[in-house]
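Both backbone and side-chain heavy atoms feed into the values below; hydrogens, waters and symmetry mates do not. The chain is numbered in sequence order, starting from 1. First listed ligand is number 1; within each ligand, the first listed atom is number 1.
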Amino acid sequence: MSYEQAREAFAEWGVDTEAALATLATIPISMHCWQGDDVRGFETQKGASGGGIQATGNHPGRARTPDELRADLEFAYSQIPGKHRLNLHACYLDTEETPDRDALEYHHFAPWVEWAAAQGVKLDFNPTFFAHPKADDNLTLSHPDQGTREFWIEHGKRCREIAAQIGAAQGAEVVNNIWVPDGSKDNPVDRMGARRRLEQSLDAILAAKHDRSHLLDAVECKLFGIGVEAMTVGSHEFYLGYAIRNQTALCLDMGHFHPTENVADKLTSVALSVHDILLHVSRPMRWDSDHVILLDESIRAMAQEIVFADLLQRTRIGLDFFDATISRTAAWVIGVRNMQKALLEALLSPVEPLRAAETQLDFTTRLMLTEEFKSLPHGAIWQEFCARHERGTGRQLISALNAYQQGVAARG
Ligand code: RNT
Ligand code: ZN
């Protein structure tokens, strides 16, 4: 079907495909650097990952250096329509120096900032509270030992400072997201103590004021991880309260809830009390497994909530998955494009008749409409979006992804 025919099919339902295409082009997806190397980073000293972060598989082609990672990222962006962001973790520093986490400085990340500026890509940032000997107990900011806590508080402060400086350099907000693995494998006795310590550590990290146009602080909650089954200190309730009290953004990771919960449903509830929301779009398969996102019902539901509830301006969309069993660059491309496709479908939804049916309690019509709309020609509109942004689809895309993978497969 041609774009013109598809445009008319949507116009019959009062949907303006040009408006949908224009809006989609303005939505950046923050692509996570850690899909490119199985969340390893470029530090010399290593500890266990902790908190259930586990990339499985050993497909050839893992990026081993910042230069390789940047080459892979450039390729991935070249296959994704629109302009997007890069979400950097502190353990991805690019320097000859070997600073510990409590000694990181802006200059350790300067090559990333220069590269991002040249690419027209904006950066986001994350302190790294895992994969370090001082996090091997799965305790960081809530550690009972004051010295260990202070080490991690210093890391958190420096990362905010670095993020704010990146924000100033790029002349645009950096989202700095705090996730800690802290928790307990078996039933703890003093949950309150652990949560009080986490709160105090966060307060210390967030005390310094930074220009809000350069830095947006976010905190990420979690239900459980492998090794911390009995209690995660930074639970949903903990961080929801914390974000409201301290006016930070709240990060909702789709893998961080009970598998039967609908994370999309949380957006509007959270949005009543929290101004900014960060998403870690992910696909938990039975647990927080971080599979590459599909264009499935959970992603569609998320995109619909963002669009239908008019939360586009208040929601930063980041991805969080890591699959080492397939081409890592293809994983990025598939994931970002799926998120965009879901957003496009939501933007192409004939919302008015749906709302009207719902208001009249006519749930039969609402269900008939949602199911009929699934047969509208979304694919032709997506094709048009890719064509306008000079990006391939179908066989052309598959060949490009395979050719790049072949080129990196010889990496050790
Ligand atoms: C872990 C969290 C966190 C990490 C990244 C690497 O469960 O989801 O966001 O995946 O920081
Ligand atoms: Zn996450």
Could you check whether the rings of [X] and [Y] sit parallel, tilted or perpendicular, using 30° and 60° as the cut-offs?
{"X": "His389", "Y": "Phe385", "value": "tilted"}
{"X": "His256", "Y": "Trp179", "value": "tilted"}
{"X": "Phe151", "Y": "His132", "value": "tilted"}
{"X": "His89", "Y": "Tyr92", "value": "tilted"}

When you compare ligand 1 with [X], is there at least one nitrogen or oxygen pair between them that comes in under 3.5 angstrom?
{"X": "Asp320", "answer": "yes"}
{"X": "Asn177", "answer": "no"}
{"X": "Asp253", "answer": "yes"}
{"X": "His256", "answer": "yes"}

Answer yes when [X] and [Y] have at least one side-chain N-carboxylate O distance shorter than 4.0 Å, and no when they do not.
{"X": "Asp217", "Y": "Arg160", "result": "yes"}
{"X": "Arg388", "Y": "Glu384", "result": "yes"}
{"X": "Lys222", "Y": "Asp182", "result": "no"}

(request) Check salt bridge (charged side-chain N to carboxylate O under 4.0 Å, His left out) between Arg337 and all other residues, then give those that pass, not counting sequence neighbours. (result) none

(message) Strictly distance-based, threshold 3.5 Å: is any side-chain N or O of Thr315 a donor or acceptor partner for the main-chain N or O of Leu312?
(response) no

(request) Anything protein N/O/S under 2.8 Å from the Zn ion (ligand 2)? Just list residue and atom, please. (result) Glu220 OE2, Asp253 OD2, His280 ND1, Asp320 OD2

In ligand 1, which numbered atoms sit nearer than 4.0 Å to a non-hydrogen atom of [X]?
{"X": "His89", "result": "5 (C), 6 (C), 11 (O)"}
{"X": "His280", "result": "9 (O)"}
{"X": "Asp288", "result": "7 (O)"}

(request) Give the single entry among Gln54, Met254, Glu220, Lys222 that approaches atom 9 (O) of ligand 1 most closely by any heavy atom. (result) Glu220

(message) Do Arg70 and Trp112 form a cation-pi contact, if we require the NZ or CZ to be under 6.0 Å from the six-membered ring centre and within 45 degrees of the ring's axis?
(response) yes

(request) Report the part of His32 (side chain from C-beta onward, or backbone N, CA, C, O) that has a heavy atom under 4.0 Å from ligand 1; answer both or neither where that applies. (result) neither

